[in-house]
2 protein chains.
Amino acid sequence: MSEKSYHHGDLKNTLIQVGIKMLAEEGIEGFSLRKVAREAGVTHSAPYAHFADKQAMIAAISTDGYRKVYERINAVVEQFPNEPLRQFIETAWVYVSFGFDEPDHFKITFSGSVEREREYPALVEMTGKTFDTLRQLIIRCQEADLIDNGEPDLAAVTVWGFVHGFVHLIQESMVSHVVTNRYTKREMLILSLNHLLKTPLTKDPQDGSLLGSGIQTTQE
Amino acid sequence: MSEKSYHHGDLKNTLIQVGIKMLAEEGIEGFSLRKVAREAGVTHSAPYAHFADKQAMIAAISTDGYRKVYERINAVVEQFPNEPLRQFIETAWVYVSFGFDEPDHFKITFSGSVEREREYPALVEMTGKTFDTLRQLIIRCQEADLIDNGEPDLAAVTVWGFVHGFVHLIQESMVSHVVTNRYTKREMLILSLNHLLKTPLTKDPQDGSLLGSGIQTTQE
DNA sequence: TGATTAATCTTTACAATGTCTAGATTGTAT
DNA sequence: ATACAATCTAGACATTGTAAAGATTAATCA
């Protein structure tokens with residue numbers, strides 16, 4: 001907010017936000033430290049007071065993406081208490097819609113843009129917390145007899161891999177138009193997730209837009 | 001093979017192979033056009049006679065990755081005729097083991113390193129052929145009542161997304177050690193794929209290392 | 001409070017990279 | 001054999017990530 005002072009005041013967060021905006025506008029290929037600094041109104045070396053290098057800045061952007069998804073997931077979990085199925089579907093939907101709405105931020109966050117050599121504590125923490133939330137959800141679904149019993153960690157990996165690959169394929173337009181014309185993304189997601197459920201959801205004969213249990217498929 | 005001639009002879013393919021080798025040795029972050037050219041023994045501008053730009057070269061490397069997977073999949077399909085279940089499992093295993101054995105070539109090939117703006121005909125063709133093979137396999141599995149009926153394209157997307165996400169999570173070491181210590185990668189894959197089968201495979205009580213139908217899980 | 005210290009930002013510099021242009025060399029076709 | 005097209009080199013340029021040294025300000029402590 002400070003107009004013209006030598007010290008910016010909140011440069012670190014500004015850089016992260018500018019970086020996210022630039023990702024949305026120009027994509028990953030056009031992403032550069034110097035451009036972010038320029039856009040933030042500082043010199044190209046200013047970021048080095050806050051990030052060790054470009055990778056560290058990318059890690060921070062990734063951490064922010066995790067934080068967003070983590071908060072949204074916790075929101076829908078609280079929104080549908082005692083409805084594990086709905087929690088399950090909506091959690092998946094949070095993940096994939098982040099991928100569709102902010103594809104480049106999603107990629108930075110979840111698609112391995114951060115090198116695994118160095119460890120970034122904040123990022124590791126968010127990864128762990130997100131995975132824990134997912135695992136708890138899985139366990140609740142197992143208790144409600146919605147999905148097969150078994151190692152919750154393994155089931156969590158299955159589910160996460162599932163939705164991640166789903167976003168990826170659609171992002172890379174590897175899905176034939178035959179399919180994308182026939183189904184909405186949400187329908188495809190639910191139909192795919194259906195394979196993981198013990199008793200798959202079926203179309204309500206009266207209201208075709210519902211797949212039982214009041215879960216909307218037409219929402220885009 | 002030509003030692004010292006002005007014209008290299010087969011520079012285009014040499015560049016692709018050198019590029020793949022460099023990916024395996026130095027990873028994606030260290031990948032550069034100039035380094036590839038240097039390694040191939042030509043000047044930094046020589047590649048521009050064969051590739052429009054760096055993206056085009058990456059697209060060629062991606063195409064080569066698709067070709068490899070495509071050929072290996074067709075090999076295992078022919079190896080187990082009239083055994084759709086085995087074809088299914090081994091096809092998935094081809095995909096994921098490519099990801100584990102050559103992680104960076106895998107990423108270039110399947111993880112969206114190629115920008116979707118320009119179209120690369122050879123790449124588009126390989127993508128299509130690979131997807132077609134998968135779809136045919138799905139249809140055969142459906143006919144054998146192994147997986148649910150329904151739009152084969154959608155099922156193919158589900159399966160592909162599934163295995164892709166699986167590789168991704170393990171590559172990015174997002175899978176907790178609790179799981180990776182207990183199961184081999186192949187076991188995890190089969191246990192995950194199990195969710196897609198109408199009648200899931202179960203452990204053979206006599207031979208614990210088999211999950212019915214003679215499919216090995218211990219193979220690494 | 002005032003001096004010292006640490007954090008933050010600028011300036012300058014450098015090597016590496018992707019890409020462009022002009023020209024040299026060589027294979028190919030007429 | 002000559003012309004042409006393909007292939008490769010040489011050189012140049014802007015951009016990038018990163019490092020070093022110094023300027024400016026905030027924080028700390030006597």
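Residue numbers begin at 1 in each chain, while the letters A, B, ... track the order of the sequences.
- Side-chain N/O atoms of A:H50 include none lying less than 4.0 angstrom from OP1 or OP2 on C:dA7.
- For DNA chain D, the residues of residues 18-40 of chain A within the heavy-atom distance limit of 4.0 Å (strictly under) are A:S32, A:L33, A:R34, A:K35, A:R38, sorted by number.
- Counting heavy atoms from C-beta outward, B:M188 and B:V175 have side chains that approach closer than 4.5 Å.
- Checked against a 6.0 Å centroid threshold, the rings of A:Y95 and A:F106 count as neighbours.
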Nucleotide N/O of nucleotides 20-27 of chain C paired with protein N/O under 3.5 Å:
unit_1	atom_1	unit_2	atom_2	d
C:dA24	N3	B:Y6	OH	3.0

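- Aromatic rings of A:F98 and A:H105 (six-membered ring for Trp) have centroids within the 6.0 Å cut-off, being under it.
- Here the side chain of B:Q171 pairs a donor or acceptor atom with the backbone of B:G99 at under 3.5 angstrom.
- In the set C:dT10, D:dT9, C:dC9, the nucleotide with an atom closest to the side chain of A:T43 is C:dT10.
- Between A:H164 and B:H168, the ring planes lie parallel to each other; the angle is under 30°, not in the 30° to 60° tilted range.
- Put simply, the side chain of B:T43 never gets that close to the backbone of B:A46: no donor and acceptor are under 3.5 Å apart.
- Two residues are said to be in side-chain contact when any heavy atoms from C-beta on lie closer than 4.5 Å; A:F31 and A:I58 meet this criterion.
- Side chains of B:T109 and B:I61 form no contact here, defined as non-hydrogen atoms less than 4.5 Å apart.
- Remark: C1' of D:dT16 and NZ of A:K54 are 8 Å apart, rounded to the nearest angstrom.
- If you take CZ of B:F51 and P of D:dT7, they are 11 Å apart, rounded to a whole angstrom.
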